[in-house]
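Here the structure comes first, spelled out in structure tokens, and everything after it is commentary.
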Amino acid sequence: ECCALSGAPAVQPVGRAFVQDWPPEALVALEPLPSFFVDHVEGKPVSQGGFHEKVTEGLSDAGKEIESATGDTFADLLAGAGGDVVVLGLPELESSARLRVAK
């Protein structure tokens with residue numbers, strides 16, 4: 001799901017980068033967009049539908065929004081939370097593409 005930056009106008013996503021652990025029927029139900037994922041069987045990146053060109057265009061647009069955005073930065077939020085990032089170490093879900101391929 002695409003979320004707008006705080007205080008910025010909503011924009012439509014130009015591509016989809018994802019872990020290839022979606023059920024095929026769920027993936028085809030989504031709006032078709034240029035996409036990128038890692039094929040865990042082959043261990044190779046897969047780019048479809050002009051993904052890299054669209055992302056380059058999207059990054060340029062996002063940069064303009066970020067420059068004009070106001071509010072707390074990640075550094076501000078991190079400092080307010082004590083300055084540490086905590087790694088939770090949660091177990092990997094059974095739906096993980098990496099785990100499915102390893103079986």
Side-chain angles (χ1 to χ4, degrees):
E1 187 174 334
C2 184
C3 298
L5 296 172
S6 179
V11 295
Q12 294 301 310
V14 296
R16 181 178 290 119
F18 61 98
V19 176
Q20 192 186 18
D21 59 359
W22 284 56
E25 61 276 5
L27 190 56
V28 299
L30 297 174
E31 174 189 354
L33 291 172
S35 63
F36 171 84
F37 60 90
V38 174
D39 180 326
H40 291 281
V41 174
E42 299 290 324
K44 296 180 180 177
V46 177
S47 179
Q48 300 172 325
F51 176 83
H52 291 294
E53 294 82 2
K54 286 291 187 183
V55 167
T56 299
E57 176 186 319
L59 286 173
S60 173
D61 292 345
K64 294 171 190 168
E65 295 297 333
I66 290 169
E67 288 173 10
S68 65
T70 60
D72 294 334
T73 66
F74 178 78
D76 296 333
L77 297 172
L78 183 60
D84 292 325
V85 174
V86 176
V87 177
L88 298 177
L90 299 173
E92 197 160 352
L93 297 176
E94 285 294 317
S95 62
S96 161
R98 190 181 65 77
L99 289 180
R100 285 195 334 239
V101 170
K103 288 182 180 181

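The figures here come from the full heavy-atom set of this structure, side chains too, leaving out hydrogens, waters and symmetry mates.
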Only pairs under 3.5 Å count here: list side-chain donor-acceptor contacts from residues 55-68, not counting sequence neighbours, and write none if there are none.
unit_1 : atom_1 : unit_2 : atom_2 : d
Thr56  : OG1    : His52  : O      : 2.9
Ser68  : OG     : Lys64  : O      : 3.4
Ser68  : OG     : Glu65  : O      : 3.2

Task: Gln48 side chain reached by Phe37 side chain, heavy atoms, under 4.5 Å - done: yes

Task: Pairs satisfying salt bridge (charged side-chain N to carboxylate O under 4.0 Å, His left out), at least one member in residues 24-52, at least two apart - done: none

TODO: Starting from Val19, walk the hydrophobic network (Ile, Leu, Val, Met, Phe, Trp, Tyr; side-chain heavy atoms closer than 4.5 Å) and list everyone else you reach, by chain and number.
DONE: none

- [ ] Give a yes or no on this: more than 12 heavy atoms of other residues, nucleotides or ligands lie within 6.0 Å of atom CD of Glu92.
- [x] yes

Task: Gly50 versus Pro34, closest heavy-atom pair with distance - done: C-CB, 4.0 Å

Open item on the list: Once rounded to the nearest 0.5 Å, what's the spacing between atom OG of Ser47 and atom CD of Glu53?
Closed with: 7.0 Å

TODO: Could you tell me the separation between the CG atom of Leu27 and the OG atom of Ser35, rounded to the nearest 0.5 Å?
DONE: 7.5 Å

List the atom pairs, donor and acceptor, that lie under 3.5 Å between side-chain atoms in residues 78-91 and the rest of the protein, sequence neighbours left out.
none

TODO: Could you pull out all residues at least two apart from Thr73 that satisfy side-chain hydrogen bond (donor to acceptor under 3.5 Å, both in side chains)?
DONE: Asp76

